[in-house]
Amino acid sequence: MDNMSFKNSLIMGVLNITPDSFSDGGQYFDTEFAIASAKRMVANGADIIDVGGESTRPNAQSVSENDEISRVIPVIKALSAQINVPISIDTSKPQVMKLAVEAGTSIINDVNALQADGALEMAASLDVDVCLMHRQGSATTMQEKPTYGDVVEDIKHFFDQRIDACKHAGISKDKIILDPGFGFGKTLAHNLEILRRFDEFKSFNLRLLAGLSRKSMIGTVLNNREVEGRMVGSVAGAIIAVQNGANIVRVHDILETKDALLILKATNGEKIG
Ligand code: 9MG
């Protein structure tokens, strides 16, 4: 993508299959509800649906492999027969990656950047796109005291190492998507600096993903706004990320993000529709 074209900016819709993401307050995993949500996202303009069965929020409860599989696989199987956009699987577990790809997923979105035992080898054998996200620390420690020299340079160094690891495992470079991981082991100042300097990741010549939607960085800037009131701030963040080079934005509010992207494209003289 050249610097001034937003033609290829894609919207990845978030489909969480976790207890707190259901209309019934988490009593039942309702496959039909998840499928209806995904279909609505596609109708509203989502280009990719990201299915996840384990919350990646700081200090979220971990989920066993079996539970994660029973949450996501039936949804992926049903969705792959009913929607015509790519499905990604948000997981760090090799066995979940395998079953998800067999069920119809074509992207692995790993917030652990394929660092779990066997994850690199599994991703290589599955031969699908992989999103490598940066996180400082573990899921439980990441927000304790994030520290960097130069946050962007440190993340670029991490990307260099993970790209190398992928290469050695047999994952071709063009399958890799890079993501600096907003909110994962970062202070507000780090997150804002990453957003401001996002274009520096373009030096890898790989697709770049940005996920800021409804995150606490948005809430903090908006005077500690609760998650329900973060939609406009999230859309603004997504647009800044695209302007600064993001090719994929991972969002909850599809229609609103799509509208804002259309305005950005029209402003830059791109043909709409
Ligand atoms: C699963 N998940 C939650 N936040 C994310 C982010 O910012 N990027 C990616 N790739 N995945 C995320």
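These numbers were taken from a predicted model, which means no experiment stands behind them.
Residues R250 and N109 form a side-chain contact, since some pair of their non-hydrogen atoms from C-beta on lies under 4.5 Å apart. You'll find the side chain of L126 stays beyond 4.5 Å of the side chain of E121, heavy atoms only. The closest side-chain heavy-atom distance from Q136 to Y148 is below 4.5 Å. Side-chain contact between L208 and I248 is absent, with no heavy atoms from C-beta onward closer than 4.5 Å.
Atom CE in M12 sits 12.5 Å away from atom OG in S213 (nearest 0.5 Å). Rounded to the nearest 0.5 angstrom, N44 CG and I254 CD1 are separated by 7.0 Å.
Looking at every heavy atom in both residues, S92 comes nearest to A116 through O-CB, 3.6 Å. Residues I73 and A103 approach most closely at CG2-CB, 4.3 Å, considering heavy atoms. Shown here for A119 and M97, the closest heavy-atom pair between the two residues is CB-CE, 4.1 Å. Nearest heavy atoms, P86 versus S106: CB-OG, 3.6 Å. Between A246 and S9 the shortest heavy-atom distance is O-CB, 4.4 Å. Heavy-atom minimum distance, N244 versus R196: ND2-O, 3.5 Å.
The ring pair (Phe, Tyr, Trp, His ring centres under 6.0 Å) pairs that include a residue from residues 195-234 are F159-F201, F159-F204, F198-F201, where partners are two or more places apart or lie in different chains.
The backbone N or O of V63 lies less than 3.5 Å from no partner atom in the side chain of D67, so there is not a single donor-acceptor pair. In terms of modelled atom types and a separation under 3.5 Å, the side chain of Q115 and the main chain of N112 share a donor-acceptor contact. The backbone N or O of S88 lies less than 3.5 Å from no partner atom in the side chain of T105, so there is not a single donor-acceptor pair. A donor-acceptor pair under 3.5 Å is formed between the side chain of D47 and the backbone N or O of I11. Under the 3.5 Å distance criterion, the side-chain polar atoms of D90 are left unmatched by any main-chain donor or acceptor of D50. A donor-acceptor pair is defined here as one N or O able to donate and one able to accept, closer than 3.5 Å; such a pair exists between the side chain of H190 and the backbone of T187. Judged by distance alone, the side chain of S216 and the main-chain N or O of G219 form no donor-acceptor pair under 3.5 Å. Side-chain N or O atoms of D253 include none that pairs as donor or acceptor with a backbone N or O of E256 at under 3.5 Å. Here the side chain of T147 pairs a donor or acceptor atom with the backbone of K145 at under 3.5 angstrom. K39 places no side-chain N or O within donor-acceptor distance of the main-chain N or O of I83, the cut-off being under 3.5 Å.
Between H134 and F184, the distance from one ring center to the other does not fall under 6.0 angstrom.
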Evaluation steps, side-chain contact (heavy atoms from CB on, under 4.5 Å), between I107 and V130: CA-CA 6 Å; I107 304 168; V130 292; over 6 Å; no
- [ ] Report the C-alpha distance between D110 and L132 in whole Å, list the side-chain angles of each, state the deciding distance to 0.1 Å, and finish with yes or no for side-chain contact (heavy atoms from CB on, under 4.5 Å).
- [x] CA-CA 6 Å; D110 186 359; L132 306 175; 5.9 Å; no
From CA spacing to verdict: side-chain contact (heavy atoms from CB on, under 4.5 Å), C131, I108: CA-CA 6 Å; C131 178; I108 295 168; over 6 Å; no
side-chain contact (heavy atoms from CB on, under 4.5 Å) between M41 and I49, worked out:
CA-CA 8 Å; M41 286 196 272; I49 299 294; 3.8 Å; yes
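The environment of K156 atom NZ is dense: over 12 non-hydrogen atoms of other residues, nucleotides or ligands sit within 6.0 angstrom. Around atom CD of Q61, no more than 12 heavy atoms belonging to other residues, nucleotides or ligands sit under 6.0 Å away.
At a threshold of 4.5 Å between side-chain heavy atoms, the hydrophobic network of Ile, Leu, Val, Met, Phe, Trp and Tyr places L178 and L195 in one connected group.
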Show which side-chain atoms of residues 163-176 pair as donor or acceptor with protein atoms under 3.5 Å away, not counting sequence neighbours.
unit_1	atom_1	unit_2	atom_2	d
H168	ND1	D164	O	3.0
S172	OG	D174	OD1	2.6

Tabulate below the donor-acceptor pairs under 3.5 Å that side-chain atoms of residues 225-242 make, not counting sequence neighbours, or state none.
unit_1	atom_1	unit_2	atom_2	d
R225	NH1	G229	O	2.9
R230	NE	R225	O	2.9
R230	NH1	R214	O	2.8
R230	NH1	K215	O	3.4
R230	NH2	R225	O	3.0
S234	OG	R214	N	2.8
S234	OG	R230	O	2.6

